[in-house]
There are 2 protein chains.
Amino acid sequence: MPTCYDLNHIVNTKRMDWHTLIESQGFLEFIPGDLRKVTERRNIAAGEMLFRAGSSVCYLYCLLSGEVRLVRHDASGGRIVLQRSRGGFIAEASIDSKTYHCDAVAAENTRLLCFPLSEFLHALEGNAHFRTMWMALLAREVRKLRTRCERLSLHNAGERIVHYLESEGADGVLTLSQSRKAWAEELGLSHEALYRTLKKLAGQGRLKIEGKTISLLRSSDYQY
Amino acid sequence: MPTCYDLNHIVNTKRMDWHTLIESQGFLEFIPGDLRKVTERRNIAAGEMLFRAGSSVCYLYCLLSGEVRLVRHDASGGRIVLQRSRGGFIAEASIDSKTYHCDAVAAENTRLLCFPLSEFLHALEGNAHFRTMWMALLAREVRKLRTRCERLSLHNAGERIVHYLESEGADGVLTLSQSRKAWAEELGLSHEALYRTLKKLAGQGRLKIEGKTISLLRSSDYQY
DNA sequence: CGTACTTTTGAATCGCATCAAATCTGGTGG
DNA sequence: CCACCAGATTTGATGCGATTCAAAAGTACG
C-alpha cells in the first residue's frame, strides 16, 4: 500500500476536493509520520457500504471526495439519514465507542483516507501538537455547525442568504467554491428558490452578483 | 469566591438546567481540582454583554441556564445571530484564537461557569483523562449538530418529527425534557405547526402520545 | 386566585417546493 | 472544430404547507 506516499502527495499537491482540511490550517500536514505510515487510501463505489451498525470501530475515515451517508434503520424498515457528508472526518464521535451506531453508505463514488483507530488515538496521546490541531479542528467544526443550524432555522430564503454571506463571507463578500445548486442544498432551499431570491435581492440593491462572487451591499435594513 | 464549592455543588445536586453536561457522562465531574479552584460562577442579566468582538479571550464559558447569543455586526449596522445557546460551552472555537470574533449577549438572565482559558489549556495538557473527556465531548457535539442540520434540511414538519424521534429517541420512544414550544423551536417549526402535525401523525396511527412521552409506531411507509 | 406561560384550534395569507421546459455551460469524443 | 450530452441555470405556473395573527382553554406557580 503506497499509503505514506499518497498522503504526502495529497498534501503537497493540494489536489483534494475537500476544502475543510486545507482551510483548517492544513490539518493533514500535522499528521505524525507514524500515523501516516499506516494510513490507507480507499475508493468505494456508489452504493457500497463503508461500515455497518454494530460492527466494531477499527478506522477513522476522512472523506476526500464523493458523498457518504450515515443511515439508521428502525425495526419496521424506516430509513433515516443522520448525516450526508461530502468531506471531512466521518463519525468522529465513534472514537469513543466500541461499535458504530449507524450504517455508512457511499452515495457516489468516493475516495477516503482510513486511519487505524488505535494508531490515531496513540498519535493523539503522544503528540501534543497533533492533538492541539485535532481539538482545534473539532472546536471549529462545532462553531460552523452551530452557525449553520442557526441559519437553517431562519424561515426565509433572503435571510438565509444574507446570513450566509455575513457568517461565511469576508466582510459580506463571498466567492462560491461550488455550484449554486449545491449552495442551495447547503442553505436548505430548492435551487429555484435560491436563483429567484438572489435575483430579487440584487434587484433591490441589497447585493451584487458578479459571476461566482457575491457581495452584500447594505444589510442595515431588513426588508426582504 | 466559593468557586470550588459551587462546582461540586452543581455536580452533586445535578440541579442544573443544562442536560448536555450530565448526558455527556458528567463532564463537569472530570474537571481537575486545579481548574476547579479557579473556576468562577457568574450571573449576568438579560441584555448584558458577556464579551465583545475584538476583545481578548480570557475565559471559556459554560452556560448553565438562560440564553446567550453570539452576534456579528457588519459595517452598516446589520445584525446576524450566529448562535443562540441555551446550554453548554460557548465559543469553544475561541480556544485557538487571540480575540473573539463576535459579541456575546445574554438574551435572558443567565448563569455561567467561567474557566480561565490558560488554566483550562493547562489542564488539557496535563491531564490525559480530562483531555479524553473533552475530545469526546467535542466529537459528540459534532455528531449531534450534524444530525440536527440534516433534520433542519427536511422540508416537512412530519419528517422532522419522525427524524427527531428516530435519531434522539431510544428505539423511536422519547420523553421530552422540555416544553413542546421549545421543541418546536429546536425543530425549526412554529409551535402551532408542531401541535397540528403531532395530532395528524397520531391520528394516522404513526405515533402515540402519552403526556411527555412520544412513541413512533411504524415508520416503514413514508406517508406524511 | 391571579398571572404568566403553554397548549390548542381557527382562519387567512404567503412563500417555497414542485413540476415543467427552455437556455446556457463545460466537457467529451468523433 | 463541431456535435453532442450531462449538468447547471433560468423562468413560468401551480398548489400545498407552514407561518402568521388571533383567541380561547388549560396549566404551573407564587
Side-chain angles (χ1 to χ4, degrees), chain A residues 15 17 46 65-67 81 84 86 107-109 149-164 174-204 206-214 222-224, chain B residues 15 17 46 65-67 81 86 107-109 150-164 174-204 206-214 222-224:
Chain A
R15 284 193 59 242
D17 311 274
S65 71
E67 176 171 323
V81 177
R84 275 166 306 173
R86 301 194 57 85
E108 316 171 356
N109 291 344
C149 281
E150 200 61 46
R151 183 161 52 239
L152 287 170
S153 297
L154 298 174
H155 292 299
N156 180 295
E159 285 181 21
R160 286 195 200 170
I161 292 171
V162 171
H163 191 283
Y164 193 93
L174 182 107
T175 300
L176 287 178
S177 59
Q178 54 188 341
S179 73
R180 293 189 187 178
K181 204 178 174 186
W183 188 29
E185 185 145 8
E186 190 177 344
L187 289 170
L189 298 171
S190 66
H191 57 282
E192 297 99 325
L194 174 59
Y195 295 136
R196 280 190 256 258
T197 310
L198 278 176
K199 199 174 189 182
K200 194 177 80 181
L201 291 175
Q204 293 173 350
R206 309 245 312 101
L207 46 82
K208 193 173 55 176
I209 305 172
E210 299 156 308
K212 289 233 171 257
T213 298
I214 299 174
Y222 288 110
Q223 298 164 351
Y224 300 100
Chain B
R15 285 194 60 242
D17 311 274
S65 71
E67 176 171 323
V81 177
R86 300 194 57 86
E108 316 172 355
N109 292 344
E150 199 62 45
R151 183 160 55 237
L152 287 170
S153 297
L154 299 174
H155 292 298
N156 181 295
E159 286 182 19
R160 286 195 200 170
I161 292 171
V162 171
H163 190 284
Y164 193 93
L174 183 107
T175 301
L176 287 179
S177 60
Q178 54 189 340
S179 73
R180 294 190 187 178
K181 203 178 174 186
W183 188 29
E185 184 146 8
E186 190 177 344
L187 289 170
L189 297 170
S190 65
H191 57 281
E192 296 98 325
L194 174 59
Y195 294 136
R196 280 190 258 257
T197 310
L198 278 177
K199 199 174 189 181
K200 195 178 80 181
L201 291 175
Q204 292 172 351
R206 309 242 315 101
L207 46 82
K208 193 174 54 175
I209 304 173
E210 299 157 306
K212 290 236 171 251
T213 298
I214 301 175
Y222 288 112
Q223 299 165 350
Y224 300 100

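For clarity, every value in this text was computed on a predicted model and none was experimentally measured. Just so it is clear: chains get the letters A, B, ... in the order the sequence lines come, proteins before strands, and each one is counted from 1.
At least one donor-acceptor pair closer than 3.5 Å links the side chain of Glu150(B) to the backbone N or O of Arg84(A). A donor-acceptor pair under 3.5 Å is absent between the side-chain atoms of His163(B) and the main chain of Gly158(B), judged by distance alone.
Here dT18(C) presents its P atom at 15 Å from CG of Leu194(A), a figure rounded to the nearest Å. Atom NZ in Lys200(A) sits about 11 Å away from atom C1' in dC14(C), given to the nearest Å. Distance CH2 (Trp183(B)) to P (dT7(C)): 11 Å, rounded to an integer number of Å. Per the geometry, CG belonging to Asn156(A) stands 9 Å off P belonging to dT20(D), to the nearest Å. Protein atom CD of Glu185(A) is 12 Å distant from nucleotide atom P of dT18(C), rounded to whole Å. Nucleotide dT19(D) holds its C1' atom 12 Å from the CZ atom of Arg160(B), rounded to whole Å. Here dT20(D) presents its P atom at 13 Å from NZ of Lys181(B), a figure rounded to the nearest Å. The OH atom of Tyr195(A) sits 14 Å away from the C1' atom of dA22(C) (whole-angstrom rounding).
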Stepwise side-chain contact (heavy atoms from CB on, under 4.5 Å) check, His191(A) with Glu185(A):
CA-CA 7 Å; His191(A) 57 282; Glu185(A) 185 145 8; over 6 Å; no

Working for side-chain contact (heavy atoms from CB on, under 4.5 Å), residues Leu198(A) and Arg180(A)
CA-CA 10 Å; Leu198(A) 278 176; Arg180(A) 293 189 187 178; 4.2 Å; yes

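Between Lys212(B) and Thr197(A), the one whose closest nucleotide on DNA chain C sits nearer the 5' end is Lys212(B).
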Would you mind building the protein contact string for nucleotides 21-30 of chain D? One character per nucleotide, 5' to 3', B for base within reach (heavy atoms under 4.0 Å), S for sugar-phosphate only, - for untouched.
BB--------

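Taking the side chain of Lys199(A) as heavy atoms from C-beta on, and the options dT7(C), dT11(D), dT19(D), the nearest nucleotide is dT11(D). Taking every side-chain heavy atom of Ala193(A) into account, dC16(C) is the closest of dT7(C), dT20(D), dC16(C).
Checking each of Arg86(A), Gln178(A), Arg151(A) against Glu186(A) for a side-chain hydrogen bond (donor to acceptor under 3.5 Å, both in side chains) leaves exactly one that passes, namely Gln178(A).
Note that SG of Cys149(A) and CG of Leu154(A) are 11.5 Å apart. Values are rounded to the nearest 0.5 Å. Note that the CH2 atom of Trp183(B) and the CZ atom of Arg160(B) stand 12.5 Å from one another [nearest 0.5 Å]. The line from CD1 of Ile161(A) to CG of Leu194(A) is 5.0 Å long, rounded to the nearest 0.5 Å.
Axis angle, first five pairs versus last five pairs of the helix from dC1(C)-dG30(D) to dG30(C)-dC1(D): 60°, rounded to 10°.
Annotation: side-chain contact (heavy atoms from CB on, under 4.5 Å) contacts of Lys199(A) (sequence neighbours excluded): none.
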